[in-house]
Amino acid sequence: MQIPPLGTLIKDEENDWLISDAFNIAAFNNTPCEFLIEGYETDPHPQDFSDAISNFITLSSSALKAAEAPVFNYYLDWARLAKAEGQPCVEIAEPADIWQHIQFGNEALVCRRSNGDQAVYVLFECDCDWNQEDGLQIVFKHGNQVSKVGPFDDFLSNEDVYGLPELDKVIYQSPG
């Protein structure tokens with residue numbers, strides 16, 4: 001199967017995904033990234049997937065800059081929890097330093113949200129120094145707009161996590 005701009009993809013029967021070759025993503029320090037595409041074959045608007053993928057491939061670092069404060073808030077929540085439980089946690093002084101403690105992943109899941117706006121989203125999973133178990137998930141609506149950050153949970157929005165429509169545009173929701 002062909003999907004612009006990815007070219008030929010292979011079918012993963014076990015997960016029902018289409019998988020691309022790796023593409024370097026400039027915004028993530030040219031990290032090679034495979035795309036895992038879910039639902040494309042039966043979607044009534046497959047061009048939405050191509051558009052989101054193209055947007056993600058050409059993503060600029062300004063998209064990450066927009067996520068800096070929400071990612072830092074996620075870190076702060078995790079650091080407070082670690083401190084309360086007497087666990088060690090990396091010290092990060094300010095939002096601009098957050099990226100030094102994130103290791104970008106090599107897979108991006110592309111799928112359509114089944115409720116709400118029903119847009120196509122790209123989920124990008126990273127490792128982070130402060131939460132090695134749950135990592136960091138950055139979700140991009142249309143592949144170019146950060147719409148959710150937090151621990152990896154497979155949800156596309158905070159509305160989906162908490163079932164509250166007023167959280168649809170909230171990028172990071174503190175669990176406390």
Side-chain angles (χ1 to χ4, degrees), residues 5-6 12 15 17-38 49 52-83 87-113 119-162 167-176:
L6 299 177
D12 176 344
N15 294 305
W17 290 332
L18 298 171
I19 302 175
S20 76
D21 287 336
F23 284 77
N24 290 343
I25 309 300
F28 298 113
N29 299 327
N30 284 315
T31 299
C33 178
E34 289 180 331
F35 288 87
L36 312 173
I37 298 135
E38 181 179 85
F49 285 78
I53 292 164
S54 293
N55 291 339
F56 190 77
I57 288 172
T58 60
L59 199 61
S60 74
S61 58
S62 65
L64 295 183
K65 184 73 174 158
E68 214 166 72
V71 173
F72 188 69
N73 288 334
Y74 166 45
Y75 155 74
L76 290 173
D77 279 347
W78 189 260
R80 279 190 283 273
L81 178 63
K83 184 177 180 181
Q87 300 295 321
C89 188
V90 64
E91 298 274 336
I92 305 174
E94 58 186 69
D97 297 336
I98 200 79
W99 303 111
Q100 298 169 29
H101 299 277
I102 295 170
Q103 302 80 47
F104 299 122
N106 58 8
E107 293 179 340
L109 176 64
V110 183
C111 58
R112 185 175 295 281
R113 188 171 167 201
V120 173
Y121 287 77
V122 178
L123 282 76
F124 190 68
E125 184 178 1
C126 307
D127 290 328
C128 59
D129 294 342
W130 65 89
N131 185 349
Q132 295 178 0
E133 184 175 327
D134 300 314
L136 167 67
Q137 174 180 278
I138 308 174
V139 181
F140 297 86
K141 182 178 180 177
H142 304 298
N144 61 359
Q145 176 186 19
V146 175
S147 58
K148 181 181 177 291
V149 301
F152 192 80
D153 61 10
D154 281 331
F155 287 103
L156 300 175
S157 76
N158 281 303
E159 176 186 2
D160 297 342
V161 173
Y162 297 100
L167 296 180
D168 188 48
K169 297 194 182 336
V170 174
I171 294 175
Y172 174 69
Q173 177 63 38
S174 178

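Everything quoted here is computed from the prediction, not taken from an experiment. FYI, side chains are in, hydrogens and waters are out, and symmetry mates aren't considered; it's all heavy atoms of this structure.
In plain terms, the two heavy atoms of Glu34 and Ser20 that are nearest each other are CG-O, 3.7 Å. Across all their heavy atoms, Cys89 and Tyr75 have their closest contact at SG-CE1, 4.1 Å. A pairwise comparison of heavy atoms in Leu59 and Ala63 identifies CD1-CB, 3.6 Å as the closest pair. Looking at every heavy atom in both residues, Arg113 comes nearest to Glu159 through NH2-OE1, 2.9 Å. The nearest pair of heavy atoms linking Lys65 to Glu68 is NZ-OE1, 2.9 Å. Across all their heavy atoms, Phe72 and Ala93 have their closest contact at CZ-O, 3.9 Å.
In this structure, Asn144 contributes its side chain and Asn55 its backbone to no donor-acceptor pair below 3.5 Å. Using modelled atom types, one side-chain atom of Gln137 and one backbone atom of Asp154 make a donor-acceptor pair closer than 3.5 Å.
Residues Asp77 and Tyr74 fail the side-chain proximity criterion, which asks for heavy atoms closer than 4.5 Å. For the pair Pro175/Tyr162, a side-chain contact is recorded, criterion being any heavy-atom separation below 4.5 Å from C-beta on. With contacts defined as side-chain heavy-atom distances shorter than 4.5 Å, the pair Gln100/Ile98 does not qualify. Between Cys126 and Phe104, the closest side-chain pair of non-hydrogen atoms falls below 4.5 Å. For the pair Trp130 and Ile102, the minimum side-chain heavy-atom distance is below 4.5 Å. For the pair Ile25 and Phe124, the minimum side-chain heavy-atom distance is 4.5 Å or more. The closest side-chain heavy-atom distance from Lys148 to Asp160 is not below 4.5 Å. Annotation: side chain of Val146 is not in contact with side chain of Pro70 (no heavy-atom distance under 4.5 Å).
In this structure, the separation between CD1 on Ile19 and CZ on Phe35 is 13.0 Å, given to the nearest 0.5 Å. If you take OG on Ser157 and CD on Gln173, they are separated by 11.5 Å, rounding to the nearest 0.5 Å. The distance from the CG atom of Leu18 to the CZ atom of Phe49 is 9.5 Å, given to the nearest 0.5 Å. Within the model, atoms CG of Asn158 and CG of Asp153 stand 8.0 Å from one another, a figure rounded to the nearest 0.5 Å. Going from atom NZ of Lys83 over to atom CG of Leu76 covers 12.0 Å, rounded to the nearest 0.5 Å. Distance check, rounded to the nearest 0.5 Å: CZ of Arg80 to OG of Ser174 gives 7.0 Å.
By the salt bridge (charged side-chain N to carboxylate O under 4.0 Å, His left out) test, Asp129 is found to be paired with no residue, residues two or more places apart in sequence or in another chain being considered.
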Quiz item: Please walk me through it: do Ile92 and Trp99 pass side-chain contact (heavy atoms from CB on, under 4.5 Å)?
Solution: CA-CA 10 Å; Ile92 305 174; Trp99 303 111; over 6 Å; no
Quiz prompt | Verdict with reasoning, Cys111 to Leu156, per side-chain contact (heavy atoms from CB on, under 4.5 Å) | solution = CA-CA 9 Å; Cys111 58; Leu156 300 175; 4.0 Å; yes
Exercise. Evaluate the side-chain contact (heavy atoms from CB on, under 4.5 Å) criterion for residues Ile53 and Val110: first the C-alpha distance (whole Å), next the side-chain angles of each, then the deciding distance (0.1 Å), finally the verdict.
Key: CA-CA 8 Å; Ile53 292 164; Val110 183; 4.0 Å; yes
Quiz prompt | Leu123/Glu38 under side-chain contact (heavy atoms from CB on, under 4.5 Å): CA gap, chis, key distance, verdict | solution = CA-CA 11 Å; Leu123 282 76; Glu38 181 179 85; over 6 Å; no
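In summary, the aromatic rings of Phe155 and Tyr121 are positioned with their centroids too far apart to meet the 6.0 Å limit.
Counting heavy-atom neighbours within 6.0 Å of Asp21 CG, excluding the residue itself, gives a total of 12 or less.
Under the side chain to side chain contact (heavy atoms under 4.5 Å, CB included) rule, Ile37 has a single partner from Val120, Leu109, Leu6, Val122, which is Leu6.
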